[in-house]
Amino acid sequence: MHTLLRLARFGLATLVLAAIGQQLSLHAAHGLRFANFFSYFTVLSNLLAALVLVLSACTPAHGERPWLSLLRFFSALNMAIVGLVFALLLRNLDVGLMQAWINAVLHYLMPVAVVLDWLLAPPATPLARKALGKALVLPALYLLYTLLRGQLTGWYPYPFLNPAHVGGFGGVAVYAAAIALGFVVLGSVLLAAAQGLAASKRMR
């Protein structure tokens, strides 16, 4: 089981890096800014997921350290939000240069796969509740970066973060609050599910 899981993790990491690399080459070919490309939460979350998958694949079955468990939780939560936000807010928007297979990998396959990885191989030592608070730091910093950079450049990665598209910063705040609530709810579910599954495995 662990060998199959390791192979799946390496395979997924390779696939997502290939997808991001291909998308980056398309952006470069059209003269688009690299800074914009790496300002998408989807891209950043998928890159983190690839890193975490490789680290997890290189870790013995019972040798996962707390820091890696925390990173896996961060990654699973971020990817769950990527999938949810895309499905609810972005699915019907024109994805521009993004090829269909890249869209499928980044927005559909990886969110499901990373969450399944978290549930199929939960940390042997459950994470404390404060892990959820730590997981919210990166999205909060991302939001701050996006809004500050947007004011300087006039470019926003997502329409719901662009004040001009949602009735000003009040509209942005509403979307941000809704997504933050999603982080809290999904994060709580992922923590509780991992704890329950880990306890079930110990009882076998």
> Is it true that a side-chain atom of Arg9 and a backbone atom of Ser56 form a donor plus acceptor pair closer than 3.5 Å?
Replying inline: yes
> After noting the C-alpha distance and the side-chain angles of Arg129 and Ser188, does the key distance pass the side chain to side chain donor-acceptor pair (under 3.5 Å) rule?
Replying inline: CA-CA 8 Å; Arg129 181 72 180 179; Ser188 299; 3.0 Å; yes
>> Can you confirm whether Ile102 sits close enough to Leu106 that some side-chain heavy atom of one is under 4.5 Å from a side-chain heavy atom of the other?
In response: yes
>> Contact between Arg33 and Trp155 at the side-chain level, heavy atoms closer than 4.5 Å - yes or no?
In response: no
>> Has Tyr142 got a side-chain atom pairing as donor or acceptor with Ser39's backbone, closer than 3.5 angstrom?
In response: yes
>> Just verifying a value: how many Å separate Ile179 CD1 and Leu143 CG, rounded to the nearest 0.5 Å?
In response: 8.5 Å
>> What I'd like to find out is whether the side chain of Leu55 reaches to under 4.5 Å of the side chain of Trp67, using heavy atoms alone.
In response: yes
> Does the side chain of Tyr156 pick up a donor-acceptor pair with the side chain of Gln151 at under 3.5 Å?
Replying inline: yes
> Given Val137 and Phe74, is the side chain to side chain contact (heavy atoms under 4.5 Å, CB included) satisfied, shown in steps?
Replying inline: CA-CA 10 Å; Val137 173; Phe74 289 176; over 6 Å; no
>> For Leu53 and Phe10: C-alpha separation, side-chain torsions, deciding distance, then whether side chain to side chain contact (heavy atoms under 4.5 Å, CB included) applies.
In response: CA-CA 7 Å; Leu53 286 169; Phe10 277 127; over 6 Å; no
>> One pair to check against side chain to side chain contact (heavy atoms under 4.5 Å, CB included): Arg72 and Asp117. What are the steps and the verdict?
In response: CA-CA 9 Å; Arg72 289 185 63 218; Asp117 179 78; 3.1 Å; yes
>> Distance alone, cut at 3.5 Å: any donor-acceptor contact between the side chains of Ser69 and Glu64?
In response: yes
> So how far is it from Asn162 CG to Leu147 CG, rounded to the nearest 0.5 Å?
Replying inline: 9.5 Å
> Atom CD1 in Ile20, atom CZ in Phe38: separation rounded to 0.5 Å?
Replying inline: 8.0 Å
> Is there a side-chain contact between His107 and Met98, using heavy atoms and a 4.5 Å cut-off?
Replying inline: yes
> Considering only heavy atoms from C-beta outward, does the side chain of Val166 approach that of Tyr175 to under 4.5 Å?
Replying inline: yes
> What's the verdict on ring pair (Phe, Tyr, Trp, His ring centres under 6.0 Å) for Phe41 and Tyr158, showing C-alpha distance, side-chain angles and the deciding distance?
Replying inline: CA-CA 9 Å; Phe41 190 77; Tyr158 302 106; 7.8 Å; no
>> Please tell me whether Tyr40 and Ser45 have a donor and an acceptor in their side chains that are separated by less than 3.5 angstrom.
In response: no
> Under the side chain to side chain contact (heavy atoms under 4.5 Å, CB included) criterion, do Phe86 and Asn103 qualify, and how do the steps go?
Replying inline: CA-CA 10 Å; Phe86 182 79; Asn103 183 48; 3.4 Å; yes
> Considering only heavy atoms from C-beta outward, does the side chain of Ser75 approach that of Trp118 to under 4.5 Å?
Replying inline: no
>> How about CZ on Phe160, more than 12 heavy atoms from neighbouring residues, nucleotides or ligands closer than 6.0 Å, or not?
In response: yes
>> Please check this pair: side chain of His165 against backbone of Leu161, looking for a donor-acceptor N/O pair closer than 3.5 Å.
In response: no
> Is there a side-chain contact between Asn46 and Val105, using heavy atoms and a 4.5 Å cut-off?
Replying inline: no
>> If only side-chain N and O atoms count, and only distance matters, is there a donor-acceptor pair under 3.5 Å linking Asn36 with Arg149?
In response: yes
> Is there side-chain contact between Asn78 and Phe183, with heavy atoms separated by less than 4.5 Å?
Replying inline: yes
